[in-house]
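Heads up, the thing below is written out as structure tokens.
All of these numbers come straight from a predicted model, not from anything done at the bench. Computed from heavy atoms alone, side chains included, the values below leave out hydrogens, waters and symmetry copies.
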Amino acid sequence: MAERQLSLVSVVAPMLNEEETARIFCDRVRDAMGGVPFELIVVDDGSSDATPAILAEYAAVDERLKVVTLSRNFGHQTAITAGLDHARGDAVVMIDADLQDPPELIPTMIEHWRAGSDVVYTLRTDRSGESRFKLTTARWFYAILGKVSDVPLVANAGDFRLLDRRALDALLTMRERNRYIRGMTTWVGFTQTALPYTREARHAGGTKYTFRKMVHFALDAIASFSNVPLQLATIAGFVCAFLAFLAVPVAIGFRIFDQFLPGVTTTVVAVLLLGGFQLIAIGLIGEYVGRIYDEVKRRPLYIVRDRANVGTAEDERERSATR
């Protein structure tokens, strides 16, 4: 395959209350790109600190910095999508602004793209600065997701990745509300290459992913790429029904031979067990129904309040969302 020619690379980064890292992040991206033509698209996801002012200051002196300000906090995955909608590059890099993912790795990702890779995803071989709880839950999450997912998803592969324009256009046709972008980029296929790296500790501030957000993110990932939870609920129902049918002739036999012993405890345990299975099944169904309800409302993924150095996204979906 002939080496690809790059006319522009888009670097997309969501930001939420990153006043302590915004300046150094923009500087490091600019220095890392060197002579490569690039645009840095920062999506302000409803920041309430000095982040908007810092971005406005930088955008005023460097037109390569393009700022998309959302009307409120729409969430990390949606903010990334907003940046991707505005990206014009032949290749697009997604990266978080907390500097745990080094911008200096982008040129290496571009080299893989030039060699023919449509998707270059990074593998975190070491995750410095993260708590044991987060590392443990992340390991469990990837183990469960790997077992139930219909799409082969790589453990410890985050959102820090490069997409060729063809892969990006395919990704942007997927407008679901509950988004798991790293899984969606795997689903679209194309040629994919892994790039191992050591993830650094946060430069400043704290994580914006609370425990509640992590749980919601995990549920979105599993519900988006697997029906196994619903199938497990169905199997549990059949097992309970089978055991109940087996118990019927046993109970009749005990009655015939006058060996039947009424037991309140046994009855209570059976009722609680069956009731628990039923509630779990209803809860699983509710998770999927809730996501269906989000989709049928057909609300826009996000609303743009302001832009700097960037026009309205060419994609009609985004334009119709901001009318």
**Prompt:** Between Val67 and Arg307, is a side-chain contact (heavy atoms from CB on, under 4.5 Å) present by the stated rule, with each step listed?
**Reply:** CA-CA 6 Å; Val67 182; Arg307 296 179 176 85; over 6 Å; no
Exercise. Report yes if the side chains of Leu40 and Arg30 come closer than 4.5 Å at any heavy-atom pair, otherwise no.
Key: no
Result for side chain to side chain contact (heavy atoms under 4.5 Å, CB included) between Asp118 and one of His112, Gln192, Arg166 points to Arg166
- Answer whether the closest heavy-atom distance between the side chains of Ile110 and Val36 falls below 4.5 Å. yes
Taken to the nearest 0.5 Å, the spacing of Met94 CE from Ser10 OG works out to 12.0 Å
**Asked** Which of parallel (below 30°), tilted (30 to 60°) and perpendicular (above 60°) describes Tyr197 and Phe160?
**Response** perpendicular
One should read off an interatomic distance between Leu16 CG and Asp98 CG, to the nearest 0.5 angstrom, of 11.5 Å
- Task: Determine, stepwise, if the pair Met15 / Leu55 fulfils side-chain contact (heavy atoms from CB on, under 4.5 Å).
- Result: CA-CA 10 Å; Met15 277 194 188; Leu55 294 177; 4.0 Å; yes
For this session: State, yes or no, whether a side-chain contact exists between Ile303 and Leu70 at a heavy-atom distance under 4.5 Å.
Result: no
Under 4.5 Å between any side-chain heavy atoms of Asp85 and Tyr302, yes or no? yes
field: pair Arg28-Leu99: side-chain heavy atoms closer than 4.5 Å
entry: yes
When rounded to the nearest 0.5 Å, the distance separating CD1 of Ile106 from CG of Asp101 is 9.5 Å
**Q.** Residue pair Arg88, Lys66: steps toward the side-chain contact (heavy atoms from CB on, under 4.5 Å) verdict
**A.** CA-CA 11 Å; Arg88 299 179 297 110; Lys66 312 193 184 281; 4.0 Å; yes
Determine, for Phe25 and Arg23, whether the Lys NZ or Arg CZ falls below 6.0 Å from the six-membered ring centre while staying within 45 degrees of the axis.
-> no
Of Asp169, Val43, Val92, the one forming a side chain to side chain contact (heavy atoms under 4.5 Å, CB included) with Leu84 is Val92
Quiz item: Is any side-chain heavy atom of Ile95 less than 4.5 Å from a side-chain heavy atom of Val12?
Solution: no
* To do: Evaluate side-chain hydrogen bond (donor to acceptor under 3.5 Å, both in side chains) for Asn309 paired with Glu39, printing each intermediate quantity in order.
  => CA-CA 10 Å; Asn309 295 337; Glu39 61 176 3; over 6 Å; no
Would you mind reporting whether Thr108 and Leu195 have side-chain heavy atoms less than 4.5 Å apart? yes
When rounded to the nearest 0.5 Å, the distance separating CD1 of Ile80 from CG of Leu171 is 10.0 Å
Test side-chain hydrogen bond (donor to acceptor under 3.5 Å, both in side chains) on Thr21 and Glu18 and set out the steps. CA-CA 5 Å; Thr21 62; Glu18 295 287 359; 2.9 Å; yes
- Would you sort out whether Thr185 and Arg161 count as a side-chain hydrogen bond (donor to acceptor under 3.5 Å, both in side chains), showing the intermediate values? CA-CA 9 Å; Thr185 57; Arg161 55 187 61 204; 2.6 Å; yes
Joint cluster assignment, Leu8 & Val29, ILVMFWY side-chain distance < 4.5 Å:
no
Met33 and Val9, any side-chain heavy atoms less than 4.5 Å apart
yes
Scanning both residues in full, the closest heavy-atom pair of Pro103 with Ala32 reads O-CB, 3.5 Å
Rounded to the nearest 0.5 Å, the CG atom of Asp164 sits from the CZ atom of Phe190 at a distance of 7.5 Å
Between the NE2 atom in His76 and the CG atom in Asp45, the distance rounded to the nearest 0.5 Å is 9.0 Å
